[in-house]
Amino acid sequence: MNQQLAGFAPTPVTARMENHGRTMLKVAMASGQDLFARTGSMVAYEGFIQYEPNPPAARQIASQWITGEGAPVMKCSGDGLLYLADYGADVVVINLNNDSISVNGTNLLAFDAHLTWGVEKVKGLAKFAGQGLWNVVVQGTGWVAITSRGTPIVVDCGRGEDETYVDPDALVAWSPNLKVKGKRSFKAGSLIGRGSGEAYQMAFSGQGIVVVQPSEDSTDRLRIRN
């Protein structure tokens with residue numbers, strides 16, 4: 001039996017964060033290298049790791065999320081290996097190098113606690129979407145893990161002059177330096193995206209990337225507030 005299951009055993013640690021398969025994140029924990037992770041995402045751990053749900057730093061950030069859509073996180077600290085997952089969603093690991101990324105709060109799985117982060121309104125959409133849209137912006141040098149409902153596509157917006165249009169329900173993350181504006185169109189019979197009636201898209205332009213998932217689950221995507 002051990003030989004049959006050997007292919008699923010953890011591999012030697014090579015980085016602070018790495019995938020174990022498509023849908024699980026492995027984090028090498030060490031003293032003084034705390035981690036913020038999505039509440040409830042821990043599936044296993046080795047060693048001595050402590051968890052602090054709703055830490056003061058997270059409560060302060062959450063109070064800024066005036067739309068009511070939060071990104072509940074727990075603080076993880078200690079030594080060992082930590083395994084995280086989010087209901088079988090694909091996990092994408094990003095190593096920021098004095099850079100930043102804007103992530104839908106429901107797609108943010110984990111990030112190094114020393115990174116700067118906060119909830120910000122998406123510029124360029126206030127008039128388009130009533131109160132606007134809100135995202136979590138993480139910046140600095142360190143590791144970030146995001147999730148995608150299926151294998152995502154990463155669109156390089158700097159390859160041409162044309163804008164890149166994305167259904168908000170399928171949007172995962174993007175480079176914060178991109179210019180964003182809203183596009184509104186009327187459609188019949190749900191021919192574009194999902195739903196019916198008035199369709200909304202987000203238009204991105206400039207140098208940067210947009211991460212899009214092959215899912216339009218409006219129950220946990222960025223919502224348009226009226």
Side-chain angles (χ1 to χ4, degrees), residues 22-23 38 41 61 64-73 86-94 96 99-111 117-139 144-160 162-185 187 190-226:
R22 293 188 303 108
T23 61
R38 185 170 186 82
S41 61
I61 295 296
Q64 301 174 19
W65 203 301
I66 61 174
T67 64
E69 293 183 44
V73 297
D86 183 19
Y87 294 98
D90 284 44
V91 175
V92 180
V93 176
I94 302 168
L96 296 178
D99 203 352
S100 60
I101 188 168
S102 183
V103 186
N104 183 351
T106 58
N107 293 95
L108 187 60
L109 180 61
F111 57 97
W117 66 293
V119 176
E120 295 185 4
K121 179 179 286 188
V122 180
K123 297 179 181 179
L125 293 181
K127 295 181 180 179
F128 160 71
Q131 294 182 5
L133 302 179
W134 298 75
N135 247 28
V136 180
V137 178
V138 184
Q139 55 188 339
V144 180
I146 62 177
T147 60
S148 171
R149 303 296 173 183
T151 303
I153 182 174
V154 179
V155 180
D156 185 352
C157 297
R159 291 187 173 183
D162 295 336
E163 293 178 325
T164 299
Y165 296 93
V166 179
D167 186 328
D169 290 343
L171 181 64
V172 173
W174 71 85
S175 302
N177 57 293
L178 288 173
K179 295 181 180 179
V180 186
K181 67 179 183 181
K183 179 182 178 182
R184 177 179 296 157
S185 62
K187 65 185 189 299
S190 226
L191 296 177
I192 303 175
R194 289 185 113 177
S196 60
E198 195 170 19
Y200 298 90
Q201 296 94 43
M202 295 174 67
F204 296 88
S205 60
Q207 296 289 329
I209 63 169
V210 179
V211 183
V212 183
Q213 64 184 1
S215 171
E216 296 173 301
D217 184 359
S218 60
T219 60
D220 64 352
R221 299 276 68 77
L222 284 172
R223 292 173 173 83
I224 297 172
R225 300 281 178 170
N226 295 318

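On a predicted model such as this, the values are computed, not experimentally measured, just so you know.
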- Item | Interatomic spacing from CG in Asp167 to CD in Gln201 - rounded to 0.5 Å | 7.0 Å

- Item | Contacts of type side-chain hydrogen bond (donor to acceptor under 3.5 Å, both in side chains), residue Ser148, not counting sequence neighbours | none

- Query: What's the verdict on side chain to side chain contact (heavy atoms under 4.5 Å, CB included) for Val155 and Ile209, showing C-alpha distance, side-chain angles and the deciding distance?
  - Reply: CA-CA 5 Å; Val155 180; Ile209 63 169; over 6 Å; no

- Message: Please give me the minimum heavy-atom distance between Thr164 and Cys157, naming the atom from each residue.
- Response: OG1-SG, 3.7 Å

- Taking all heavy atoms of Leu178 and all of Gly208, pick out the closest pair and write down the distance. CD2-N, 3.6 Å

- Message: Using salt bridge (charged side-chain N to carboxylate O under 4.0 Å, His left out), reason through Lys181 and Glu163 one step at a time and then give a plain yes or no.
- Response: CA-CA 10 Å; Lys181 67 179 183 181; Glu163 293 178 325; 3.2 Å; yes

- Calculate, to the nearest 0.5 Å, the distance between atoms CG and CE belonging to Leu171 and Met202 respectively. 5.5 Å

- Message: Under a 3.5 Å distance rule, please check whether Asn177 uses its side chain to pair with a backbone N or O of Gln207 as donor and acceptor.
- Response: yes

- Query: Do Val210 and Val154 come close enough that some side-chain heavy atom pair is under 4.5 Å?
  - Reply: no

- Message: For Ile101 versus Trp174, what's the shortest heavy-atom pair and its separation?
- Response: CG1-O, 3.7 Å

- Message: Is it the case that the side chain of Asn104 and the backbone of Val172 share a donor-acceptor pair, with hydrogens and angles ignored and the cut-off at 3.5 Å?
- Response: no

- Below 4.5 Å, heavy atoms only, C-beta onward: do Val211 and Val92 meet side chain to side chain? no

- Over all atoms of both residues, closest heavy-atom pair of Gln213 and Asp169: NE2-O, 3.8 Å

- Task: Go through the structure and list residues passing side-chain contact (heavy atoms from CB on, under 4.5 Å) with Ser41, not counting sequence neighbours.
- Result: Ala37, Arg38, Met74, Leu84, Leu109

- Task: Please determine if Asp86 and Arg149 form a salt bridge, counting it only when a charged side-chain N lies under 4.0 Å from a carboxylate O.
- Result: yes

- Can you see which heavy atom on Ser102 is nearest to which on Val137, and at what distance? OG-CG2, 4.0 Å

- Of all heavy-atom pairs between Ile146 and Leu108, which one has the smallest distance, and what is that distance? CG2-CD1, 4.5 Å

- Message: Going by the rule side-chain contact (heavy atoms from CB on, under 4.5 Å), which residues pair with Thr23 if we only count those two or more places apart in sequence or in a different chain?
- Response: Asp90

